Novice: 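Mind having a look at this structure? Questions to follow.
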Amino acid sequence: MTLAEWLDAREPAPPHELSARLRDALRDAMDDDARLAPDVCIDAAEELLRDVLARGCTTRDSALSLLTADALLTYAFEAGADSPDTLDARADGAIRRIASVGDLGGRSSVLER
């Protein structure tokens with residue numbers, strides 16, 4: 001099963017605009033094996049959050065981007081639940097990576113506050 005097929009099978013299906021943004025964020029990996037979904041989704045969420053902050057988009061205009069990053073992380077852990085033995089390590093790594101996004105421009109991360 002490809003990542004695209006796995007995404008199509010999610011229930012309930014996300015709204016059309018969110019689905020389009022998810023596909024855009026995952027575009028380079030859509031033909032990859034769905035077993036890679038946890039890592040691919042975390043990578044895409046981190047990239048999206050870095051882009052939002054780098055552009056200074058901390059207003060309402062970035063809401064769909066933030067919702068997309070949230071959905072990507074949700075899907076990462078939904079897919080990762082199939083391998084419960086790696087869930088703790090994946091969660092720890094994801095928290096650290098997402099928190100480090102706040103380090104842009106010398107700001108302290110959420111974990112350091």
Side-chain angles (χ1 to χ4, degrees):
M1 175 183 289
T2 66
L3 183 58
E5 292 166 334
W6 182 85
L7 204 57
D8 288 341
R10 299 303 90 215
E11 291 291 334
H16 177 71
E17 194 168 352
L18 178 57
S19 180
R21 290 294 299 270
L22 287 165
R23 290 177 181 291
D24 185 51
L26 297 169
R27 69 186 164 278
D28 294 336
M30 293 298 277
D31 292 328
D32 290 355
D33 190 305
R35 289 176 289 194
L36 300 174
D39 294 326
V40 169
C41 288
I42 292 170
D43 291 346
E46 181 183 12
E47 182 179 332
L48 187 56
L49 289 173
R50 285 190 186 284
D51 182 58
V52 167
L53 290 177
R55 290 184 291 119
C57 295
T58 56
T59 64
R60 220 174 169 174
D61 294 337
S62 60
L64 184 56
S65 294
L66 295 173
L67 183 59
T68 303
D70 178 69
L72 287 163
L73 291 169
T74 299
Y75 283 155
F77 286 96
E78 181 179 330
D82 291 338
S83 300
D85 55 315
T86 63
L87 202 53
D88 284 345
R90 179 169 284 118
D92 185 57
I95 288 169
R96 291 185 186 287
R97 288 175 60 186
I98 298 306
S100 76
V101 171
D103 288 339
L104 293 175
R107 292 185 297 265
S108 64
S109 77
V110 174
L111 291 178
E112 294 172 353
R113 292 184 189 158

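The figures here come from the full heavy-atom set of this structure, side chains too, leaving out hydrogens, waters and symmetry mates. Remember, it's a predicted structure, so these values are computed and weren't measured experimentally.
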Novice: Would you name the heavy atoms of Leu72 and Ala25 that are closest together and state the gap between them?
Specialist: CD1-CB, 4.0 Å
Novice: Quick one: side chain to side chain donor-acceptor pair (under 3.5 Å) partners of Thr86, sequence neighbours excluded?
Specialist: Arg90
Novice: Under the rule for side-chain contact (heavy atoms from CB on, under 4.5 Å), what residues qualify as partners of Ala4, not counting sequence neighbours?
Specialist: Thr2, Arg23, Met30
Novice: Got a second to check how far Asp43's CG is from Asp28's CG, nearest 0.5 Å?
Specialist: 11.5 Å
Novice: By the ring-ring contact (aromatic ring centres under 6.0 Å, His included) test, which pairs, at least two apart or in different chains, include something from residues 8-51?
Specialist: none
Novice: For Leu3, check side-chain contact (heavy atoms from CB on, under 4.5 Å) against everything at least two apart and list the hits.
Specialist: Trp6, Leu26, Ala29, Ala37, Val40
Novice: Are there more than 12 heavy atoms of other residues, nucleotides or ligands under 6.0 Å from atom CG of Asp88?
Specialist: no
Novice: Nearest 0.5 Å, please: how far is CD in Glu5 from CG in Asp31?
Specialist: 9.0 Å
Novice: Say you draw a straight line from CZ of Arg97 to CZ of Arg50; how long is it, rounded to the nearest 0.5 Å?
Specialist: 8.5 Å
Novice: Would you please name every residue forming a salt bridge (charged side-chain N to carboxylate O under 4.0 Å, His left out) with Asp24, sequence neighbours left out?
Specialist: Arg27
Novice: Looking only at heavy atoms, which two atoms of Cys41 and Ala76 are closest? And how far apart?
Specialist: CB-CB, 3.7 Å
Novice: Go through the side-chain N and O atoms of Arg10 and Ser19 and say whether any donor and acceptor fall under 3.5 Å apart.
Specialist: no
Novice: Asp39: what forms a side chain to side chain donor-acceptor pair (under 3.5 Å) with it, not counting sequence neighbours?
Specialist: none
Novice: So, using side chain to side chain donor-acceptor pair (under 3.5 Å) as the criterion, who are the partners of Asp33 when residues are at least two apart?
Specialist: Arg35
Novice: By the side chain to side chain donor-acceptor pair (under 3.5 Å) test, which pairs, at least two apart or in different chains, include something from residues 63-75?
Specialist: Arg21-Ser65
Novice: I'd like to check the salt bridge (charged side-chain N to carboxylate O under 4.0 Å, His left out) partners of Glu47; sequence neighbours left out, ordered by chain and number.
Specialist: none
Novice: Taking only residues two or more places apart in sequence or in another chain, which ones pass salt bridge (charged side-chain N to carboxylate O under 4.0 Å, His left out) with Asp61?
Specialist: none
Novice: Same cluster for Leu7 and Leu67 if Ile/Leu/Val/Met/Phe/Trp/Tyr side chains link at under 4.5 Å?
Specialist: yes
Novice: Run the side-chain contact (heavy atoms from CB on, under 4.5 Å) test against Leu66 and tell me which residues pass, sequence neighbours left out.
Specialist: Leu49, Val52, Ser62
Novice: My understanding is that only residues two or more places apart in sequence, or in another chain, count here; which of them pass salt bridge (charged side-chain N to carboxylate O under 4.0 Å, His left out) with Asp82?
Specialist: none
Novice: Can you measure from CD (Glu17) to CG (Leu22) and round to the nearest 0.5 angstrom?
Specialist: 11.5 Å
